[in-house]
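The next block holds one structure in the form of structure tokens; read it before the comments.
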Amino acid sequence: MSPQAIPFKGNADIGRLLDEGAYTTMQKVVVFLAALSIVMDGFDGQLIGFAIPLMIKEWNITRSAFAPAVAAGLIGMGIGSACAGLFADRFGRRMAVIASVFVFGTATCAIGLAPDVLTVAALRFVAGLGIGGALPSSTTVTAEFTPARRRTLAVTATIVCVPLGGMLAGFFAGEILPAFGWRGLFFIGGTFPIVLATILLFTLPESPRFLARHPARWDELGKLLGRMGRPMPANVTYTDMAEQVVEKRAGFGALFSDGLARDTLATWAAFFMCLTAVYSAFSWLPTMLASEGLSMAVAGSGLTAYNLGGVIGALVCAVAITRFGSRWPLVLCCAGAAASAFAMQTLNVGRDTNLLIFGFGVHGMFVNAVQSTMYALCAFMYPTSVRATGTASALAFGRLGAILSAFAGAAVITAGGAMAYLALLGTAMVFAMLALLVVRRHIPKHAVLPKPRSVAAVTG
């Protein structure tokens, strides 16, 4: 038997087994399944953006009348994110992922039967609970199945699956909307996560770290470790020393002590403004383009390009931060996002269509680069005792910006069309840039980031 099989005499530290061990095929499959959950999260979460123009037209309502339905989904996402950790700690990471995917898939399917905007709002709220819970639960699974040396990249790649799912939703909507309308879009689009939830029910294992906390499930843990290439002797006692130390956390007030107040407030502002820009695009970009007289196919292409740029930008920015630190990559990406939005104001929307779509791809690249990598900034900025609380509070404040976007997006499109909408996107990123310039504790060059500690710490 290899030395890894019995690391301690009758006492095994699950943290060391996972953090220092090999990255086996079985673990990679689990991470792939978690990533698929996030792809579906981004996919179903953005279907509403492609459907809104047709729903407004069918029901003959204003954009402002539809704003509460958009806000309801975002409020549900905020509640789902906040509650995901409690659910995962009680019922396990596995069931948190499966339940989240099943809930948003079922609610999305049901939207296809909605007779009015009030019903859409209620169903979007329910779908939001699942969408909000899926990302933190799945990223926790990724973090807890990945060795320490691969964890940061694995979690970043998982988060990037949100715009990847949105990009796939754009291609999907382009094919389904002309043939089956918006109801078919939700019927078919909601079926995919329901099928995935069923597959996960039979294939996704429970997190080893969760099992280690429950002695009654240690036999299950032993079998799981065997599948992961870490066979353990019978009757071994499992501990998780690193987690036990970390769990002695400081309270919310610690975010404003020891010189953290300035960075905390600045990070909250950056999350608020960045998520205002992100969800203004997710929810209203196709509607804005359609209001300018463009076809639904072209309107949908704008959000698809935005998401495609986001995937590229997030990965490139993560690499840049590793090499150069976080201050200037994040500031330059904010500046690029603002400049691209203001530059598009000079275009003739109806005539420069291809250039406009390209512009939204560039804008999405910069915006999502900032949003995806700010979690790494929080992980570095806060000490272990308050890291989860600090990141969760920044996201919670950012969610307020997302909710604001539901009403602001509709209002600016109605009042000023494309010019006002682009001004909203650009201005939001200018303020995000100023906030990030205020932050003092940026990631230095070649830093090794701490691992995401909990569901709250990695939610998107």
Side-chain angles (χ1 to χ4, degrees), residues 71 74-75 77-79 81-82 85 132 135-136 159 246 249-280 314 317 321 325-338 341 366-408 424-444 447 449-450 452-460:
L74 296 170
I75 292 170
M77 289 172 62
I79 295 174
S81 296
L135 179 60
I159 294 173
V246 169
R249 298 175 185 160
F252 182 80
L255 299 179
F256 301 92
S257 62
D258 300 324
L260 284 171
R262 170 176 165 174
D263 286 354
T264 292
L265 293 174
T267 306
W268 285 8
F271 266 83
F272 181 93
M273 300 312 304
C274 195
L275 283 176
T276 297
V278 167
Y279 281 95
S280 292
C317 190
I321 287 174
S326 64
R327 179 180 297 275
W328 294 115
L330 287 176
V331 168
L332 291 174
C333 284
C334 286
F366 286 123
V367 174
N368 281 287
V370 176
Q371 181 55 37
S372 297
T373 54
M374 279 200 297
Y375 300 105
L377 175 61
C378 287
F380 176 83
M381 178 190 307
Y382 293 111
T384 296
S385 60
V386 77
R387 183 172 298 130
T389 302
T391 310
S393 65
L395 177 65
F397 201 81
R399 290 287 187 197
L400 297 178
I403 294 169
L404 171 66
S405 73
F407 300 96
L424 169 66
L425 299 182
T427 302
M429 294 312 297
V430 167
F431 281 108
M433 178 182 68
L434 295 175
L436 288 168
L437 282 170
V438 171
V439 172
R440 287 180 293 194
R441 290 175 176 84
H442 273 278
I443 302 167
L449 298 180
R453 253 288 299 118
S454 71
V455 172
V458 292
T459 179

Distance, nearest 0.5 Å, that separates [atom1] of [X] from [atom2] of [Y]:
X    : Y    : atom1 : atom2 : result
I403 : I75  : CD1   : CD1   : 4.5 Å
N368 : C274 : CG    : SG    : 7.5 Å
I321 : F380 : CD1   : CZ    : 11.5 Å

Residues that R327 engages under salt bridge (Lys or Arg N to Asp or Glu O under 4.0 Å), provided they are two or more places apart |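 Listed in chain order: nothing, the list is empty.
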Donor-acceptor under 3.5 Å ([X] side chain, [Y] main chain):
X    : Y    : answer
T264 : A261 : no
R399 : S81  : no
D263 : R440 : yes
H442 : W328 : no

Plane angle bin for F272 and F397 - parallel if under 30°, tilted between 30 and 60°, otherwise perpendicular |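 Aromatic pair F397/F272 classed tilted.
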What are the two closest non-hydrogen atoms of [X] and [Y], and how far apart are they?
X    : Y    : result
L425 : A277 : CD2-O, 3.7 Å
A402 : Y279 : CB-CD1, 3.5 Å
A314 : T373 : O-CG2, 4.1 Å
L330 : L377 : CD1-CD2, 4.1 Å
C378 : F271 : SG-CE1, 3.8 Å
A270 : A435 : N-CB, 3.7 Å

Check: [Y] and [X] side chains under 4.5 Å, non-hydrogen atoms:
X    : Y    : value
C317 : F366 : no
L395 : L275 : yes
S405 : L74  : yes
M374 : L436 : yes
R441 : L260 : yes

